[in-house]
Protein chains: 2
Amino acid sequence: MALIVKKFGGSSVATPDKISSIVQRVIREKKEGDQIVIVVSAMGDTTDELVTLANKITSKPYGREMDMLLATGEQISIALMAMAFEEAGEKAISFTGGQAGIMTSAAFNKGRILDLQPARIFKALQEGNIVIVAGFQGQTSRGDITTLGRGGSDTTAVAIAGAIHADVCEIFTDVDGIYTSDPRVVPAAQKMESITYGEMLEMAKLGAGVMQPRAVEMGSRFNVPIHVRSTFSEEPGTMIQEDYAMKVKQYLIRGVAQDKNVAKITVLGIPNRPGFAYQVFAELAEKNVDVDMIVQSVRIAKEGVTDITFTIARTELPAAREVLAHIQKELSVEDILVDESMAKVSLVGAGMAGHPGIAAGMFGIFSDHHINIEIISTSEISISCLIAEESMEKAVQAIHAHFFKEN
Amino acid sequence: MALIVKKFGGSSVATPDKISSIVQRVIREKKEGDQIVIVVSAMGDTTDELVTLANKITSKPYGREMDMLLATGEQISIALMAMAFEEAGEKAISFTGGQAGIMTSAAFNKGRILDLQPARIFKALQEGNIVIVAGFQGQTSRGDITTLGRGGSDTTAVAIAGAIHADVCEIFTDVDGIYTSDPRVVPAAQKMESITYGEMLEMAKLGAGVMQPRAVEMGSRFNVPIHVRSTFSEEPGTMIQEDYAMKVKQYLIRGVAQDKNVAKITVLGIPNRPGFAYQVFAELAEKNVDVDMIVQSVRIAKEGVTDITFTIARTELPAAREVLAHIQKELSVEDILVDESMAKVSLVGAGMAGHPGIAAGMFGIFSDHHINIEIISTSEISISCLIAEESMEKAVQAIHAHFFKEN
């Protein structure tokens with residue numbers, strides 16, 4: 001007898017047949033007394049089709065009306081899935097994000113969950129329903145529909161699991177778990193039985209695309225065990241949970257991550273005075289551009305002048321360029337350089353912190369392969385190196401081979 | 001400077017191009033200071049497509065989840081139309097039925113509007129927006145999405161016009177107004193400049209399909225002038241309004257209506273005791289089957305036994321047959337006959353009541369054409385005759401020719 005949240009993505013519910021077969025699976029796996037909440041995304045290409053419609057009407061396909069439009073995608077899925085359960089003889093009820101009590105900020109297209117009031121979900125479960133909630137959406141305090149932006153439906157599922165104190169949040173996906181590295185790059189990559197939130201967060205932030213960082217963060221905050229597993233198989237996948245770290249301190253290294261969505265920006269010849277870096281990064285933050293790695297170097301030859309190099313997601317370059325243009329115009333800098341040919345390779349593991357030999361081992365591999373490291377950044381549980389994108393796969397394979405016993 | 005509600009049906013907003021051209025028209029016709037609320041239906045065949053999806057999932061495509069599904073159709077239209085206004089440089093905001101304050105009963109698939117709280121509409125208008133509201137939908141007091149059933153978007157438009165005290169509610173349709181009879185049957189039918197609610201209601205109930213009776217009733221209740229006009233032309237159509245009746249008492253006859261959606265049911269050999277008819281009609285009402293004309297005849301030859309004949313909409317026969325089967329089983333009646341080959345022809349006009357000669361004139365025409373009248377029913381402003389469907393067109397043409405000066 002358990003309280004379980006299950007999340008199915010768009011490809012899992014792309015057709016009426018697929019919806020019906022998911023429903024059959026949920027019923028088959030449901031044990032006596034289990035209470036089930038299902039979070040679903042829009043069917044297959046629905047969201048893309050809605051975006052295409054909007055593009056035929058407007059040159060500004062964002063803002064409040066875009067959320068009003070896109071939210072219909074998930075609303076269609078939840079209604080159809082509830083019908084499919086009823087057709088199969090199970091009581092079910094669907095809720096939009098707002099009906100499920102998901103209250104967000106009024107930031108359209110990228111709403112953040114501020115509160116989750118699960119009274120209706122509880123009541124519906126007590127009445128014997130399977131509860132189906134639209135992913136990727138919520139509503140503001142004045143009743144406007146919002147969408148959650150990146151991480152969308154995963155975040156909805158984990159937030160609900162946290163709010164109702166679910167025993168587990170199952171994320172169904174097209175891979176069967178979390179691997180020590182991307183199996184397409186490293187054929188010897190191994191599926192992990194378990195991983196901590198912190199490690200998963202590093203893996204996700206560092207480019208492992210299985211789960212969105214925001215959803216993992218939320219899982220950590222509410223201590224929700226997250227089970228990442230395959231839509232196509234009933235085998236267990238990988239558990240993301242906290243207590244695991246205690247049990248298996250012996251695992252120093254958990255995985256090798258790669259990320260090509262990186263752009264390196266260098267601002268040359270900055271007057272070396274306080275507040276300059278602040279101004280650059282504040283303007284970027286205002287445009288929702290996250291800065292990742294940062295290095296600053298003072299030039300010996302020319303006193304009072306410094307260079308700053310930092311990285312952002314390559315997909316955020318359009319927004320960043322506006323800020324850079326403004327900086328170049330307003331402040332007297334020598335030049336600004338943008339490099340889109342970089343990638344980041346990271347080693348992740350909760351046990352790494354007290355073992356300096358690991359970093360040394362990693363740098364040694366880069367050296368052996370004549371790969372130049374442009375920036376290094378470290379956290380409690382990861383080491384990341386910025387290198388040329390063309391060397392990325394070779395680096396990941398070599399690091400994986402070095403740190404994991406490959407079969 | 002006026003406060004105007006405009007309603008556009010699904011064929012008017014079937015494609016992004018059509019939406020954009022409606023937006024252009026609204027902007028062109030808008031005068032300085034006008035405040036505009038637009039009610040829209042789902043785009044073209046969207047509703048049918050959603051029904052098709054539901055039919056692939058369930059054998060019971062109705063209830064709460066069906067409304068959750070169907071409501072997405074209008075939500076897509078309003079979002080796109082708001083975007084189209086913004087693209088054209090006009091401030092606009094879209095509201096779902098619930099956001100617009102349309103509170104309905106919890107009767108899914110056929111919700112009735114119980115209350116309309118227009119605070120958000122007023123606020124949005126004051127802020128300079130064109131307000132776009134999803135037709136055909138509302139929400140219950142607990143926040144469930146409902147659809148309004150028959151009359152849908154027309155009813156939404158008229159209800160909003162009433163709640164905000166609009167100067168006029170414009171219903172855009174594929175005909176250019178209300179005619180004295182169906183122009184496809186009576187080529188000499190004339191477009192009316194104006195008609196009263198009562199007359200329009202009779203015309204609508206009696207089969208003139210331009211507007212749904214429920215919307216006309218609501219217009220009458222809130223005294224909203226309704227302008228029925230063409231989507232394809234900027235010519236004025238027909239005004240439905242009250243004061244017109246005062247001005248033009250001289251118009252005795254307003255139109256000739258026809259209705260083929262009629263089934264005649266005869267219950268033979270009923271024990272002539274109190275409560276029997278009540279039981280039959282109460283059971284029909286429970287299944288939402290409206291009874292229209294009724295005659296009861298006591299048989300002279302066999303004392304204590306009576307026959308009842310009544311008519312219902314032919315489309316409601318499946319539901320009625322269940323009741324009839326139950327009646328035949330439970331109560332000792334001789335037989336029940338169903339006749340689906342009948343039609344109803346009606347003469348409508350607010351000035352008719354005190355002129356018995358009109359009824360006589362109408363019956364004379366039936367007699368001249370050897371058309372047998374099965375049932376006659378009258379109201380303050382109409383006379384209806386049940387005749388064989390095959391004679392319907394001939395009867396309508398002859399009555400129109402008799403009562404209207406045809407050019």
Side-chain angles (χ1 to χ4, degrees), chain A residues 13 15-20 23 42-43 46 49-50 52-88 92-96 98-101 119-120 123 132 134 139-140 142-145, chain B residues 13 15-20 23 42-43 46 49-50 52-88 92-96 98-101 119-120 123 132 134 139-140 142-145:
Chain A
V13 295
T15 64
D17 280 354
K18 287 189 175 181
I19 291 175
S20 297
V23 160
M43 293 169 73
T46 307
E49 287 163 16
L50 291 170
T52 302
L53 264 183
N55 282 330
K56 285 186 182 154
I57 293 264
T58 179
S59 55
K60 298 180 285 293
Y62 42 76
R64 180 183 185 281
E65 302 304 334
M66 199 61 188
D67 283 357
M68 176 70 95
L69 180 69
L70 294 182
T72 62
E74 283 77 20
Q75 194 172 323
I76 291 171
S77 317
I78 57 171
L80 292 175
M81 188 172 275
M83 289 177 195
F85 273 109
E86 297 202 339
E87 186 68 12
I93 188 168
S94 73
F95 293 136
T96 63
Q99 289 173 346
R120 272 206 88 174
K123 186 155 187 293
I132 299 146
Q139 74 178 27
T140 67
R142 71 189 291 189
D144 284 333
I145 297 168
Chain B
V13 294
T15 63
D17 280 352
K18 287 188 176 185
I19 291 175
S20 297
V23 160
M43 293 170 74
T46 307
E49 287 163 18
L50 291 170
T52 303
L53 264 184
N55 282 328
K56 285 187 184 154
I57 293 263
T58 178
S59 55
K60 298 181 285 291
Y62 40 78
R64 181 184 183 281
E65 302 304 333
M66 199 62 188
D67 282 356
M68 178 69 95
L69 180 68
L70 294 182
T72 61
E74 285 76 21
Q75 193 172 323
I76 291 171
S77 318
I78 57 172
L80 292 176
M81 188 172 277
M83 289 177 197
F85 272 109
E86 298 201 340
E87 186 68 12
I93 188 168
S94 73
F95 293 137
T96 63
Q99 288 172 345
R120 270 205 89 174
K123 186 154 185 296
I132 299 148
Q139 74 178 30
T140 68
R142 70 189 290 192
D144 283 335
I145 296 169

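Quick caveat: nothing in here was measured; it's all calculated off a predicted structure. By convention in this document, chain letters (A, B, ...) are assigned in the order of the sequence lines, proteins followed by strands, and residues within each chain are numbered from 1.
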Chain B heavy atoms under 4.5 Å from D17(A): which part of the residue, side chain, backbone, both or neither? neither
Answer with side chain, backbone, both or neither: which region of I76(A) has an atom nearer than 4.5 Å to a non-hydrogen atom of chain B? both
Test item: L53(B) and M43(A) side chains (from C-beta on) under 4.5 Å apart, heavy atoms: yes
Go through S94(B), P16(B), A79(B) and name the one with the most non-hydrogen pairs under 4.5 angstrom from chain A. S94(B)
Would you say T72(B)'s side chain and M68(B)'s backbone share a donor-acceptor pair under 3.5 angstrom? no
Report yes if some heavy atom in the side chain of M66(B) is under 4.5 Å from a heavy atom in the side chain of L50(B); otherwise report no. no
Is M81(A) close to chain B through its backbone or its side chain, or both, or neither, when contacts mean heavy atoms under 4.5 Å? neither
CD (E65(B)) and CD1 (I132(A)) are apart, to the nearest 0.5 Å, by 6.5 Å
Could you go step by step and tell me if V23(B) and E87(B) meet the side-chain contact (heavy atoms from CB on, under 4.5 Å) rule? CA-CA 10 Å; V23(B) 160; E87(B) 186 68 12; over 6 Å; no
When rounded to the nearest 0.5 angstrom, what is the spacing between CD in E86(A) and CD1 in I57(B)? 12.0 Å
Side chain, backbone, both or neither: which part of I93(B) has a heavy atom under 4.5 Å from chain A? both
Greatest number of non-hydrogen atom pairs under 4.5 angstrom with chain A, of K56(B), K60(B), R64(B), falls to R64(B)
Minimum heavy-atom separation for A42(A) to E74(A), with atom names? N-OE2, 3.4 Å
Of the backbone (N, CA, C, O) and the side chain (C-beta and beyond), which part of Q75(A) lies under 4.5 Å from a heavy atom of chain B, both, or neither? both
If I measure from the heavy atoms of chain A, does L80(B) come under 4.5 Å with its side chain, its backbone, both, or neither? both
Measure A92(B) against the heavy atoms of chain A and call it side chain, backbone, both or neither at under 4.5 Å. backbone
Q139(A) side chain near T96(A) side chain, heavy-atom distance below 4.5 Å: no
Among A84(B), S59(B), A82(B), G143(B), which has the most heavy-atom pairs under 4.5 Å with chain A? S59(B)
Engaged part of R120(A) at the chain B interface, taking heavy atoms whose separation is under 4.5 Å: side chain
Portion of I145(A) that has a non-hydrogen atom of chain B nearer than 4.5 angstrom: both
